[in-house]
Student: 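Before I ask anything, here is the structure I am working with.
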Protein chains: 2
Amino acid sequence: MSKARSKAAGAAGDASNRLKNLPVDRILQGDCISVLNRLPEKSVDVVFADPPYNLQLKDTLHRPDNSKVDGVDDAWDQFSSFQAYDRFTQDWLDAVRRVLKDTGTLWVIGSYHNIFRVGHALQNLDFWILNDVIWRKSNPMPNFRGTRFTNAHETMIWAAKSADARGYTFNYHALKTMNDDVQMRSDWLIPICAGKERLKDGDKKTHATQKPEALLYRVLMASTKPGDVVLDPFFGTGTTGAVAKMLGRHFVGIERETAYIKAAQKRIAGVEPLDADVLSYTTGKREAPRVPFGQLVERGLIRPGEVLVDGRRRYTAKVRSDGSLIADRTKGSIHQVGAAVQGAPACNGWTFWHVEKRGELMPIDVFRQQLRGEIH
Amino acid sequence: MSKARSKAAGAAGDASNRLKNLPVDRILQGDCISVLNRLPEKSVDVVFADPPYNLQLKDTLHRPDNSKVDGVDDAWDQFSSFQAYDRFTQDWLDAVRRVLKDTGTLWVIGSYHNIFRVGHALQNLDFWILNDVIWRKSNPMPNFRGTRFTNAHETMIWAAKSADARGYTFNYHALKTMNDDVQMRSDWLIPICAGKERLKDGDKKTHATQKPEALLYRVLMASTKPGDVVLDPFFGTGTTGAVAKMLGRHFVGIERETAYIKAAQKRIAGVEPLDADVLSYTTGKREAPRVPFGQLVERGLIRPGEVLVDGRRRYTAKVRSDGSLIADRTKGSIHQVGAAVQGAPACNGWTFWHVEKRGELMPIDVFRQQLRGEIH
DNA sequence: GGCCACTCTGAATCGTATG
DNA sequence: TCATACGATTCAGAGTGGC
C-alpha cells in the first residue's frame with residue numbers, strides 16, 4: 001500500500017506554480033490531475049467525485065419497440081484496459097488526497113463496471129471506508145433482453161483520509177430528522193435525473209450522465225457544514241455546484257470540456273441559496289412496500305407444494321417454487337389462476353385464495369400484511 | 001490480467017490426486033483451495049461463495065446500554081494485510097474458475113470491507129460481471145454511535161467466466177413471476193437470518209455470519225436449474241446446501257471446521273426436497289419448440305393468399321404458398337417483411353402480423369401456440 | 001382545466017441456432 | 001470460424017395533444 005502511495009505521490013507535481021489560496025465557487029478548466037496539483041494542500045472539506053465508469057458498451061441496443069437506446073459513448077469514458085483505468089484512478093485519488101483536509105472525507109460514485117477498481121485503489125492509498133451507500137433508482141432503465149437483473153442502483157463509497165482520522169463531519173441528527181426520526185440507512189431511494197432538472201441542448205441531453213440534485217442534497221447534508229468547501233474533480237454540468245450553492249456551501253469544480261462548463265455556469269447562476277431555517281423542513285419520503293406473492297414463498301410463509309383454496313372451497317390450486325400457481329389446465333399468477341378457475345375476467349388473488357390451518361381458512365393476504373409489518 | 005491468471009494457475013496443483021467424478025451432496029473437509037484443486041475441472045454449474053470479510057474490528061463495540069456486541073472475531077477472519085487478503089482471494093477464485101463449467105456462473109457476497117478486493121480480483125481473472133446485487137436488510141443492526149449511516153446492506157457479485165461466455169442460466173421469467181410480473185431488480189429486500197432458522201449452540205450462535213435461506217432461494221431460483229450442481233467453498237453451517245436440497249439441486253460443500261460441518265449435516269438431513277411438479281417454473285418462449293410459419297400454412301391454419309395486417313391496420317401483406325409474405329416492393333419471411341414495411345431494423349413477425357376474424361384482429365402467434373399445444 | 005391516450009427516454013458491459 | 005436469419009424483449013415518469 002505504502003509503495004503505491006509514495007509512487008503516486010510523485011504525480012503531485014512540483015509546487016512551483018501552486019496557488020496560495022483556494023479559488024472558491026469557480027470552475028477551473030483543465031485535466032483534473034494537473035489542476036488538483038496546483039491547489040493548496042489540505043484546503044478542502046469534502047470531495048465528491050463522479051469519474052468515468054469505463055462502461056465498455058459493445059453494440060447498439062434496441063428497446064422492444066425498436067427504438068434505439070442512447071448509450072454512453074463519449075470519448076471521456078473510453079479506456080484501453082483495466083490497467084489504464086487503474087492508473088488513472090490511482091492518480092486522481094492521490095491528487096485528491098493531497099488537497100483534502102485531514103478531517104475531510106471523499107465520496108466516489110460508480111457502477112459495477114468501475115467501482116471495484118475505485119474501491120481497491122482508494123483502500124490501497126490508505127483511505128478508510130466509512131460506508132458504501134447504495135443509490136436505488138426508483139425508475140431505472142429496464143433490461144430489455146431479459147438476460148440479467150434490472151441494473152437498478154449505483155454505488156457510492158464514503159471514506160475518510162485514514163483509519164485514525166478524527167473529526168470528520170457527519171450530521172447524524174439532521175439525517176435522522178430527514179428520515180422520519182429513524183437512522184439514515186446505507187440504501188437511498190432516489191429517482192434518476194429527468195424532467196425540468198435535466199439540462200438539454202434542444203432535444204439532446206447536455207451531459208450523458210447528469211446526477212440528480214436530490215442525491216447531492218443528501219450527500220452534502222450528511223457530510224458538510226454550511227460554509228464548507230466541496231470539490232468536484234469531474235464537475236460535468238455542475239450538480240455538485242448547484243446544490244452546494246443552494247445549501248450555503250462553497251464549491252470548486254474541475255472540468256475539461258468547455259460545453260459542460262458553460263452549461264454549469266449558467267445553471268449555477270440561476271440557483272438561489274436557501275435560508276438556513278428552510279433546510280430543516282426537507283424530509284425523505286417513505287416508500288410503500290409492494291410485496292410480491294413470490295416473496296411469501298421465498299420466505300417460507302407459504303411452502304411450494306401447498307394447496308390453496310378459495311373461500312367457499314370450490315377451487316384449489318397448488319403453489320409452485322417461483323410463486324406461480326398451477327390448477328386444472330392453467331398456471332400463472334395468483335390473480336390469473338383465480339380468474340381462470342372461476343371463468344372470470346379478473347380476480348384479486350390476495351383475497352380469493354386461502355390457506356387451511358386446523359380446519360380454518362385464512363386468506364393469503366394475512367401473510368402479506370405480516371411481511372409488510374416486518375419491513376416497516 | 002493474463003499475468004495474474006497464469007501465475008495463479010500454478011496454484012491449481014498437480015493433477016495426480018485428482019478425483020475423476022465430482023462427489024455430490026457431500027461436505028468435503030479441508031482448506032478450500034486444496035480441496036478445490038482435487039475436484040474435476042469444469043464440473044460445477046454454479047459457485048456461491050461467502051468468503052471471510054476481513055472485518056478488521058479493533059475494539060469491542062458496546063451498545064448504548066453497555067451490552068457487548070457479539071462481533072466477528074473468529075480466527076478465520078484474520079488477515080495480516082490487504083496483500084495477504086488479496087493473495088488468498090486470487091487463489092480461491094482461480095481454483096473456482098477451474099472447476100466451473102464454461103457456462104457456469106459465480107456468486108460472491110461481501111461487505112465494503114472486502115467486496116472491492118474481491119471484485120477487483122475477479123475482474124483481473126477475466127470473470128465478467130453480470131450484475132452486482134444488493135441485499136437490503138429489512139432489520140440491520142443500527143449504528144450505535146451515530147457516526148455513520150446504518151450499514152443496512154451487503155453486496156453480491158454475479159459473474160460469468162468470461163465476457164463471451166454464452167449459455168449461462170438465468171431464469172428470467174421465473175424471477176419475474178416471483179416479483180408480481182415485473183423484472184427482478186438488482187436490489188433485494190430480505191431480512192437477516194434470525195429466529196428458528198438461526199442455528200444455535202445453547203444461546204450462542206453456531207456461526208457468526210449465517211446467511212438467510214431466502215437469499216439463497218432467490219440466488220438458486222435465478223441461476224440454476226433443477227439437477228444442477230452448486231458448489232460452496234465456504235460452506236459454514238450449510239445454508240447453500242439446505243436450500244439446494246429443498247429446490248432439487250445438488251450441492252458440494254467445502255469447510256474446514258468440524259463443528260460447522262456437524263451442524264450443517266444435521267441441518268441438511270432434516271430438509272425435505274420439494275416435489276418435481278412444484279419445482280417446475282415459468283419459462284418463456286425461448287424454451288418452447290420452434291415452429292416455422294410455413295407449418296401454419298401447411299397445416300391449413302393460415303391459407304395461402306390470406307391477407308395479414310399489423311395491429312394498427314397500417315400495413316398489409318399477403319401469404320404465399322411457401323410461407324413467405326409479399327407486400328409492396330418486398331417479399332420474405334414474416335419478420336423480414338414486418339421490418340421492411342415499418343422501415344425498422346428488426347421485427348418479431350409473430351406478434352406484429354394479425355389475421356382479421358369477424359372484425360377482430362388476432363396475432364398469428366395464437367396459431368403458433370395452438371400448434372405447439374398439439375405437438376406438446 | 002381535467003382526463004386519457006399516447007409517446008419518449010434513462011451510466012446498458014442486454015442472443016442464439018443454423019449452415 | 002463467420003455470416004445470416006430467427007424472433008425475444010420494458011418500467012417509471014415526464015411530456016404532449018386531443019376531447
Side-chain angles (χ1 to χ4, degrees), chain A residues 50-74 76-79 82 109-115 135 137-155 189 191-198 200 203-205 207-212 234 236, chain B residues 103 123 127-132 159-160 162-168 170 172-173 176 179-186 283-288 290-294 312 324 332-336 338-339 344-353 364-365 368:
Chain A
D50 181 12
Y53 288 10
N54 187 23
L55 283 187
Q56 310 175 59
L57 303 180
K58 285 171 184 163
D59 302 313
T60 54
L61 178 64
H62 291 90
R63 298 188 180 78
D65 66 2
N66 273 324
S67 62
K68 209 166 85 188
V69 173
D70 185 16
V72 178
D73 57 357
D74 304 75
W76 50 253
D77 198 46
Q78 307 299 325
F79 292 83
F82 275 136
I109 184 167
S111 66
Y112 67 83
H113 309 85
N114 71 323
I115 199 67
W135 168 27
K137 304 179 184 184
S138 57
N139 49 351
M141 182 156 50
N143 180 293
F144 297 117
R145 304 302 290 267
T147 54
R148 304 177 178 194
F149 300 100
T150 308
N151 192 4
H153 74 275
E154 292 184 24
T155 301
L189 182 66
I192 61 175
C193 179
K196 279 180 302 187
E197 191 187 323
R198 185 90 200 204
K200 303 244 176 170
D203 58 351
K204 228 180 102 263
K205 13 179 198 189
H207 195 286
T209 69
Q210 187 183 337
K211 293 292 174 291
F234 307 95
Chain B
T103 55
Q123 285 184 315
F127 280 104
W128 189 250
I129 299 181
L130 299 168
N131 279 112
D132 57 338
S162 71
D164 50 355
R166 295 282 170 265
Y168 63 86
F170 178 55
Y172 174 77
H173 285 96
K176 190 173 171 179
N179 196 37
D180 271 1
D181 284 324
V182 255
Q183 290 189 336
M184 188 67 83
R185 299 169 35 121
S186 57
T283 57
K285 291 176 178 170
R286 281 194 188 108
E287 321 291 329
R290 218 181 110 194
V291 176
F293 179 70
R312 296 201 217 157
S324 65
S333 72
I334 52 172
H335 315 294
Q336 289 166 335
C347 169
N348 182 347
W350 289 109
T351 50
F352 180 74
W353 292 113
I364 58 175
D365 200 33
R368 180 170 64 158

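As the structure is a prediction and not an experimental result, all values here were calculated from the model. Here is the naming used below: chain letters follow the sequence lines, and residue numbers restart at 1 for every chain.
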Student: List in chain and number order the residues that pass ring pair (Phe, Tyr, Trp, His ring centres under 6.0 Å) with F144(A), two or more places apart in sequence or in another chain; answer none if no residue qualifies.
Tutor: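 With sequence neighbours excluded, F144(A) shows a ring pair (Phe, Tyr, Trp, His ring centres under 6.0 Å) to no residue whatsoever.
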
Student: Is the shortest side-chain N/O distance from N54(A) to OP1 or OP2 of dT13(C) below 4.0 Å?
Tutor: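 Checking dT13(C) against N54(A), no side-chain N or O comes under 4.0 Å of OP1 or OP2.
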
Student: Identify, with sequence neighbours excluded, every residue that meets salt bridge (charged side-chain N to carboxylate O under 4.0 Å, His left out) alongside D77(A).
Tutor: none

Student: Using the P atom in both, what is the distance from dG7(D) to dG19(C), to the nearest Å?
Tutor: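 So the two P atoms sit 13 Å from each other.
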
Student: Can you pull the contact range of chain B along DNA chain D, 5' to 3', using atoms under 4.0 angstrom from its heavy atoms?
Tutor: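 The contacted stretch runs from dC6(D) to dC11(D).
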
Student: Please list every stem that involves DNA chain D, where a stem is a run of 3 or more consecutive Watson-Crick or G-U wobble pairs with both pairing distances under 3.5 Å.
Tutor: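 The stems are C:2-10 with D:11-19, C:15-19 with D:2-6.
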
Student: Students often get this wrong, so: under 4.0 angstrom with heavy atoms, is S138(A) touching a base, only sugar-phosphate, or nothing?
Tutor: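 Sugar-phosphate contact only.
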
Student: Identify all pairs in which a protein N or O lies below 3.5 Å from an N or O of nucleotides 7-9 of chain C, and state each distance.
Tutor:
residue, atom, partner, partner atom, Å
dT7(C), OP1, R312(B), NH1, 3.4

Student: Once you round it to whole Å, what is the distance between P of dA12(C) and CZ of F170(B)?
Tutor: 17 Å

Student: What is the distance from CG of D50(A) to P of dA11(C), rounded to the nearest Å?
Tutor: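 That distance rounds to 11 Å.
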
Student: Atom CG of L57(A) and atom C1' of dT13(C): how far apart are they, to the nearest Å?
Tutor: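 Distance, rounded to whole Å: 6 Å.
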
Student: Say you pick atom P in dT9(C) and the same atom in dT9(D); how far apart are they, in whole Å?
Tutor: 24 Å

Student: Between the protein and nucleotides 15-19 of chain C, list every N/O to N/O distance that falls short of 3.5 Å.
Tutor:
residue, atom, partner, partner atom, Å
dG15(C), OP2, R145(A), NE, 3.4
dG15(C), OP2, R145(A), NH1, 2.3

Student: Remember a base hit wins even if backbone is also touched, and classify K211(A) as base, sugar-phosphate or nothing at under 4.0 Å, heavy atoms.
Tutor: base

